[in-house]
There are 2 protein chains.
Amino acid sequence: MFSVSAKTQYAIRAMSFLARNTERVVSSAEIAAAEQIPAKYLEGIMTSLKNGGLVSGERGKNGGYRLLKAASDIPMLQIVEALDGSVMPVNCVETPDTCSLGCSCMPRQFWIGLKSTIDDYLRDCSLQDLVEGATHAK
Amino acid sequence: MFSVSAKTQYAIRAMSFLARNTERVVSSAEIAAAEQIPAKYLEGIMTSLKNGGLVSGERGKNGGYRLLKAASDIPMLQIVEALDGSVMPVNCVETPDTCSLGCSCMPRQFWIGLKSTIDDYLRDCSLQDLVEGATHAK
DNA sequence: CTCAATTCCTATCGGTTTAGTTGGAATATA
DNA sequence: TATATTCCAACTAAACCGATAGGAATTGAG
Ligand code: FES
Ligand code: FES
């Protein structure tokens with residue numbers, strides 16, 4: 001339960017690779033090779049990261065990607081949301097009318113609390129923290 | 001992302017119904033009607049809850065289910081795990097050799113931290129808390 | 001200008017999971 | 001015996017996921 005998609009895991013590895021190579025532009029193919037990610041699959045992931053405002057994509061020969069911000073300014077939450085959308089235990093957290101038992105039923109607060117707990121954890125950890133291995137030392 | 005299955009949501013509603021009717025034995029059909037859950041589907045869910053040691057199932061006419069413990073002694077985590085298995089962001093949290101980049105790579109600690117954050121939240125909230133609506137007031 | 005390297009877009013595919021149904025066996029009560 | 005119930009197993013339709021395929025658009029190098 002609550003499993004993280006392969007896509008998101010790939011994205012994190014790719015981002016961490018970029019964080020370790022900030023001085024240059026890195027091609028999707030190079031990342032794929034280094035991090036053992038299916039090359040064609042990674043292309044789509046990189047586009048999502050770009051659309052999420054996390055990396056810049058430079059097309060054409062010698063093109064590639066680079067981080068748009070310092071790794072310490074990139075909360076893990078942002079990476080996760082760029083790929084899988086926002087953390088959302090149940091639909092009715094955002095749209096209460098989705099619940100078949102009517103708006104704001106009992107469990108709703110419980111899910112809202114869970115969402116904010118997860119969000120907080122993911123927000124408090126930056127890409128830099130992850131790269132340094134200090135992921136849980138807040 | 002991190003969405004909760006319909007099965008688990010149904011299970012929680014069913015459990016909360018039982019928590020509000022502790023004095024008697026309640027049939028699966030009655031729960032289904034009250035909580036608007038597909039009756040036949042709920043049967044399977046109730047069996048899982050029974051196998052998880054949360055409810056007792058009494059067969060035959062006038063049979064049904066009841067909570068095996070006081071609602072205040074049932075952490076939400078236990079309900080969730082009875083249905084969807086344990087909270088597990090990525091495989092390698094349990095089995096490190098699953099990681100294609102070798103054991104205990106960088107992101108691993110990050111996922112372990114996330115898992116324990118989620119587990120803690122789900123453990124600290126009891127079925128009783130949920131029924132009372134005091135889900136996040138720890 | 002041409003070629004190669006690259007991002008970017010769209011479609012498709014096989015596999016797995018999920019939500020739900022069907023049908024019925026076992027069990028208990030009256 | 002009839003009925004209400006849990007319990008068990010197979011099945012289905014739809015959605016989702018990881019991955020692949022093919023190619024258009026863009027850019028730099030020669
Ligand atoms: S408002 Fe979400 S379960 Fe009712
Ligand atoms: S040990 Fe899990 S991603 Fe490497």
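Below, read A as the first sequence line, B as the second, and so on, with proteins coming before strands; counting in each chain starts at 1.
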A:Tyr65 OH to C:dA5 C1', straight-line distance once rounded to whole Å
13 Å

With side chain to side chain donor-acceptor pair (under 3.5 Å) as the rule and sequence neighbours excluded, what pairs involving residues 57-76 of chain A come up?
A:Lys69-A:Gln78

Interface polar pairs with nucleotides 14-18 of chain D, N/O, under 3.5 angstrom:
from, atom 1, to, atom 2, distance (Å)
D:dG18, OP1, A:Ala6, N, 2.8

Identified side-chain contact (heavy atoms from CB on, under 4.5 Å) counterpart of B:Thr117 within the set A:Asp120, A:Thr117, A:Ile118:
A:Thr117

Atom CZ of B:Arg66 and atom P of D:dT5: how far apart are they, to the nearest Å?
15 Å

DNA chain D contacts among residues 20-31 of chain A, heavy-atom distance under 4.0 Å
none

Using whole Å, report how far CD1 of B:Ile45 lies from P of C:dT18.
13 Å

Taking any heavy-atom pair under 4.0 Å as a contact, classify A:Gly64: base, sugar-phosphate, or nothing.
sugar-phosphate

Quickly work out the A:Leu49 CG to C:dC8 P distance and round it to whole Å.
11 Å

CG of B:Leu42 versus P of D:dT6: gap in Å, rounded?
9 Å

Where do N or O atoms of nucleotides 27-30 of chain C meet protein N or O atoms at under 3.5 Å, pair by pair?
from, atom 1, to, atom 2, distance (Å)
C:dA28, N3, B:Lys61, N, 3.4

Measure from NZ on A:Lys40 to C1' on D:dA21 and round the result to the nearest Å.
7 Å

Protein-nucleotide distance (B:Leu83, atom CG; C:dT17, atom C1'), rounded to Å:
15 Å

Looking at CG of B:Leu49 and CG of B:Leu67, how far apart are the two atoms once the value is rounded to the nearest 0.5 Å?
9.5 Å

Check: residues 17-30 of chain B side-chain donor-acceptor pairs under 3.5 Å, at least two apart:
from, atom 1, to, atom 2, distance (Å)
B:Arg20, NE, B:Ser16, O, 3.2
B:Arg20, NH2, B:Ser16, OG, 2.8
B:Arg20, NH2, B:Glu35, OE2, 3.1
B:Asn21, OD1, B:Arg24, NH2, 3.4
B:Asn21, ND2, B:Phe17, O, 2.9
B:Arg24, NH1, B:Glu30, OE1, 3.2
B:Arg24, NH2, B:Glu30, OE2, 2.7
B:Ser27, OG, B:Ala29, N, 3.4
B:Ser27, OG, B:Glu30, N, 3.1

Under the rule for side chain to side chain donor-acceptor pair (under 3.5 Å), what residues qualify as partners of B:Asn51, not counting sequence neighbours?
none

Rounded to whole Å, the CD-C1' distance (A:Glu43 to D:dG23) equals 11 Å

